There are 4 protein chains.
Amino acid sequence: MPSTFEGMAQPRHASPMPYVWPDKKRCALVISIDVDEETPMLWRTRNNKVRNVAELEMRRFGLRVGIPRILELLAHHQVRASFFVPGAVAASNPGLLSTLLSHGHEIGLHGYFHEPVAELSPNENAMVLDRTTRVFKEQTGRVPRGYRSPCWQYTEEMPGLLMAHGIEYDSSMMGYDHPYTFEGLSEIPVSWSTDDAVSMLFIGDGSDMSPPWPARNVMDHWFDEWQATLSSGGLAMITLHPWVCGTAARMAMLDNLLRRILKSDGENSTGVWCTTAQDVATYHRTSVNFERFAVSSDVPNAPRYAFNF
Amino acid sequence: MPSTFEGMAQPRHASPMPYVWPDKKRCALVISIDVDEETPMLWRTRNNKVRNVAELEMRRFGLRVGIPRILELLAHHQVRASFFVPGAVAASNPGLLSTLLSHGHEIGLHGYFHEPVAELSPNENAMVLDRTTRVFKEQTGRVPRGYRSPCWQYTEEMPGLLMAHGIEYDSSMMGYDHPYTFEGLSEIPVSWSTDDAVSMLFIGDGSDMSPPWPARNVMDHWFDEWQATLSSGGLAMITLHPWVCGTAARMAMLDNLLRRILKSDGENSTGVWCTTAQDVATYHRTSVNFERFAVSSDVPNAPRYAFNF
Amino acid sequence: MPSTFEGMAQPRHASPMPYVWPDKKRCALVISIDVDEETPMLWRTRNNKVRNVAELEMRRFGLRVGIPRILELLAHHQVRASFFVPGAVAASNPGLLSTLLSHGHEIGLHGYFHEPVAELSPNENAMVLDRTTRVFKEQTGRVPRGYRSPCWQYTEEMPGLLMAHGIEYDSSMMGYDHPYTFEGLSEIPVSWSTDDAVSMLFIGDGSDMSPPWPARNVMDHWFDEWQATLSSGGLAMITLHPWVCGTAARMAMLDNLLRRILKSDGENSTGVWCTTAQDVATYHRTSVNFERFAVSSDVPNAPRYAFNF
Amino acid sequence: MPSTFEGMAQPRHASPMPYVWPDKKRCALVISIDVDEETPMLWRTRNNKVRNVAELEMRRFGLRVGIPRILELLAHHQVRASFFVPGAVAASNPGLLSTLLSHGHEIGLHGYFHEPVAELSPNENAMVLDRTTRVFKEQTGRVPRGYRSPCWQYTEEMPGLLMAHGIEYDSSMMGYDHPYTFEGLSEIPVSWSTDDAVSMLFIGDGSDMSPPWPARNVMDHWFDEWQATLSSGGLAMITLHPWVCGTAARMAMLDNLLRRILKSDGENSTGVWCTTAQDVATYHRTSVNFERFAVSSDVPNAPRYAFNF
């Protein structure tokens, strides 16, 4: 039995320790926006010129219509959010990062062309980070503090690479449903269940998994998820893509959902910490939780010798 | 960084300008019918004779049963609709176009054999347009004013080709949720969310994405979409395929949906402009919106040199 | 333009003629049961011995548990149904056909190993019919009157082959939603929307399209379909597979559905003709509808010369 | 006709004999937990080192968070459950098996690396059983009594192999919806409809069948399934995967479901036997049902000579 399996996972059979939130907060809510726009398409077709302009237009709806609507919605609910922007999107839209910052939101990294890190070599991942941080530094004067991986993939070399580039937290994994520490880097977890792309993204090129779900059903689903976060004291991470959730019906439902969520803890929602991923990461770094919920990658060797007993 | 990325999208970070509708209209509703019938199947099996007659029959249900029911439904609700008809369907059914016109509906182009334009060369796309406009001219004396692309694909050469053939608008893309201008041609946008084929088309040959959704769920979904359009002042484009939506249960639900929609703005629905895509395009062409919501294709170069920093 | 396209479909732009039912019946309901059991699996793995016994067991649930429950359900509601049985299922279960007949139900053909006819040559289809009719004749003394095609495929040679084997009707296509006449043979149409396999069959081998839908949702869907049939005067064809619908929850919902359906036309349901496919075909053959709703196959040539204008 | 087809299935055309439960029990409920964790991923990528650490983390959520929550939930409802643990998971987490036992639950086998048995040779399956039973013996002093097959596949050699290793029952098939006897070994059946992985597992690597269903919908579905089991006198087998069902919203719904189920038979639920698979198997072995519901594998030959009549 290869010893690497020892590290498969550290079971905690006692009732899991609760995550300790600051002040009298019972749980946290982060709205995150992945501003992918056309980068996943550019990456997919990277060896050829784009031929289907209709998919470009579908995705450009995000910056044209989705982003302004989202900014308005967040302002209306007085919510500060975390926007993760691929380098190519920032480079092609020079005013975007500063606009997001001027509205009080956080900006973070999200690849250059939305390259999935597990499909790149460590060296390529380093080059992507170099190039992307350079764009952010040129446009805003500094490297952002947070990173979200394209397609929510992750690799062994990423924590080291991110730290070497001055990044203070990652937000791409699901090893806990509250912040934790992965190989020494703060991890602000995501969830497929509350990602608009999983249930509503539709491209129409034969790659879609199912028809886009009605917004009403998605929002009821997300409210259930939220209620459970509130009860269990975890972190609810909602992820939006402007070209997916920016349509009128989805924005209307999001508006309604935010109203329900922000009131779900009583009139003033004093127990809910609705903030950016960056604020949560800053708290996590210096809290008791940083050591308490620390794991290592422990990547097992391939079990290819399974039958050589 | 290739300069083409400059054009990826023009962000509008301020609240998006509202689309200006004529008179006191608050929003528009267009019912469009894509009369594909067996053409997508003929295109798919274009190198072989059709073997599975059952799929032919499934699709022929559209002209036999779906079209008459749809015409009756539209007459009952006094709605004029836009029918997009592939050339082969018109050629094989000589009375179809004139019948649709005589009921007061619009007819528009939709390929010859429903060929997806991004899979054809520019030259082939030109030949398809030549051939299709010829059929329409022979049967109705003129080239139609509107074009909807098969599979809602689009390519850089299309605006020029369409204008050269006398077409005045396209209706295949989703760059805004109200009319806009793409490379100088009016664009009357579509939506996957309100396309019957996305959620209810079922062929049974292993290519289907999911079981056909119950009509009740689809119609509730579409009513939500409509409500949001009404509130946001956009354009609602419903797309039907006679062989898909022509079944008894789906027609009953559509009847109910139209009743709800046409009353949703008050007893007389004075604020809803329920008309053809052609009427909307005519208005758009001479309105302030034509310049205000104009975009260019700006197709980016392939990022194949991404790692040559 | 190849002349074969002339036959693509005969549009009927006037309101479609209603189907004329006998007596004072307003519509018809046929419950059909496709007793596939393991034959689709045997066909799929026909070049190898079956390795995964768990799929065999899943399918054998049908004859063990599903069939007895279905017979009890039908008896309880006093409904006579149409069972389509592959030759191999009849051959391996010598008492099955006579049992079904003794309960007053119809039995019909359904391939030998559930071979999809569009994947076989005309000669192979003839051999399958020879072999299958021989089993039925040996076991029941006669050739059945009805045929349902495996996978609901159909080919040009089938009407002739079926008539040559003494078959009087087919039930595999969807060209109308009431009986019609295809190449001189009566066609009792089916519907994917009311087929239990479309929404609830689940094998777990990676070929499944979606999770099996909850029985409750399927039955609400089917009741809507039924209501629309009742209003429109068509034929509702429900299709069941004993190994799919024979589970406790699905049978309970079917029981509830039948109760609702059989009462949906008033206390005595005098307007609903709930009978076998064979009875409907017998009526159709001698009714005014036989000529009124007659179509030919008109299989178009492949449009491979589409660009040789 | 090869004689093997004689054994395709033994039809029981009379109403099926009811399964006889002990005492005054009307039906049984077993909660089973398949602790797969990362083993299916290790098996899938067995020729390469794991690259995407994010999927590892997603799966490790099970032992970190899911298992403790499940243990707490079961304790709260005073339910003893059956945990099926792959050998590699037990080997890497030395305290797991004893913790599960100390909580009063059953532990059973589930492959070593979650290898699907129909994709392995009989000899490989024997080696997997050797290796896995050795781990269980070393950790707990004995071979467990039950076995659940990875992916719920099964092969002809399995009953003999399992008995030779001292296993007393299998729980991987669906030939009845109550316990039965397959080739002399007790079979405690499973159901895709009440498996959390079918409707809620989501990996995000392009292999997913559909978006994860909202927990609310799944639980309503499962309650319907339960109600039907209660009425029909069968066995309800719920299957959970800690990394799938361990999220806050799903646990909350499971809590609610268990409350509804345990009260569904009246205040004291005296008619419901809620116990482990092992207890059910022990009862089955010595009951009248063992012979009454006994089947053999009867694997048919491949019908490759179907056209040599």
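All chains are named by letter (A, B, ...) in the order of the sequence lines, taking the proteins before the strands, and each is independently numbered beginning at 1. Worth saying up front: this structure is predicted, and the values here are computed from it rather than measured.
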Q. Using non-hydrogen atoms and a limit below 4.5 Å, what part of residues 194-212 of chain C faces chain B?
A. C/V198, C/S199, C/M209, C/S210
Q: Measure the CG-CG distance between C/N217 and B/N217 for me, rounded to the nearest 0.5 Å.
A: 7.5 Å
Q | 4.5 Å side-chain heavy-atom contact, C/Y154 and B/E57 | A | no
Q) Is the side chain of B/N52 donor-acceptor paired with the backbone N or O of C/Q153 at a distance under 3.5 Å, no angle test? A) no
Q: Let me know if C/V117 has heavy atoms under 4.5 Å from chain B in its side chain, its backbone, both or neither.
A: backbone
Q | Value rounded to 0.5 Å, distance of CG in C/D220 from CZ in B/R216 | A | 7.0 Å
**Q.** Side chain to side chain, C/V295 and B/R64, heavy atoms closer than 4.5 Å
**A.** yes
Q. Is it the side chain or the backbone of B/R250 that comes within 4.5 Å of chain C heavy atoms, both, or neither?
A. side chain
Q: Identify the two heavy atoms, one from C/E225 and one from B/A249, that lie closest to each other, and give their separation to 0.1 Å.
A: OE2-CB, 3.4 Å
Q: Measure from the side-chain N and O atoms of B/R59 to the backbone N and O of C/G175, and report whether any donor-acceptor pair falls under 3.5 Å.
A: no
Q) Side chain, backbone, both or neither: which part of C/E157 has an atom under 4.5 Å from a heavy atom of chain B? A) side chain
Q: Counting only heavy atoms closer than 4.5 Å, note whether C/T155 contacts chain B via side chain, backbone, both or neither.
A: both
Q: Decide side-chain contact (heavy atoms from CB on, under 4.5 Å) for B/V53 and C/V299; before the verdict, give the C-alpha distance in whole Å, the side-chain angles of both, and the deciding distance to 0.1 Å.
A: CA-CA 7 Å; B/V53 173; C/V299 178; 3.8 Å; yes
Q: Determine the option with the most heavy-atom pairs under 4.5 angstrom with chain B, choosing from C/Q227, C/H221, C/M158, C/M174.
A: C/H221
Q: Can you see which heavy atom on C/S232 is nearest to which on B/A248, and at what distance?
A: OG-CB, 3.4 Å
Q. With only heavy atoms counted, which part of C/W222 is less than 4.5 Å from chain B, the side chain, the backbone, both or neither?
A. neither
Q) Rounded to the nearest 0.5 Å, how far does CH2 of C/W213 lie from CH2 of B/W213? A) 8.0 Å
Q: Under 4.5 Å heavy-atom distance to chain B, tell me which part of C/F223 shows up: side chain, backbone, both or neither.
A: neither
Q.
One pair to check against salt bridge (charged side-chain N to carboxylate O under 4.0 Å, His left out): C/E156 and B/K49. What are the steps and the verdict?
A. CA-CA 11 Å; C/E156 278 190 283; B/K49 195 158 195 298; 3.3 Å; yes
(Q) Heavy-atom cut-off 4.5 Å, strictly under: side chain, backbone, both or neither for B/W243 against chain C? (A) neither
**Q.** Nearest heavy atoms of B/R51 and C/S121, plus distance in Å
**A.** NH2-C, 3.8 Å
**Q.** Value rounded to 0.5 Å, distance of CE in B/M251 from OG in C/S231
**A.** 13.0 Å
**Q.** Salt bridge B/R69-C/D177, side-chain N to carboxylate O under 4.0 Å
**A.** yes
Q. Taking side chain as C-beta onward, heavy atoms only, is B/L42 less than 4.5 Å from C/P300?
A. yes
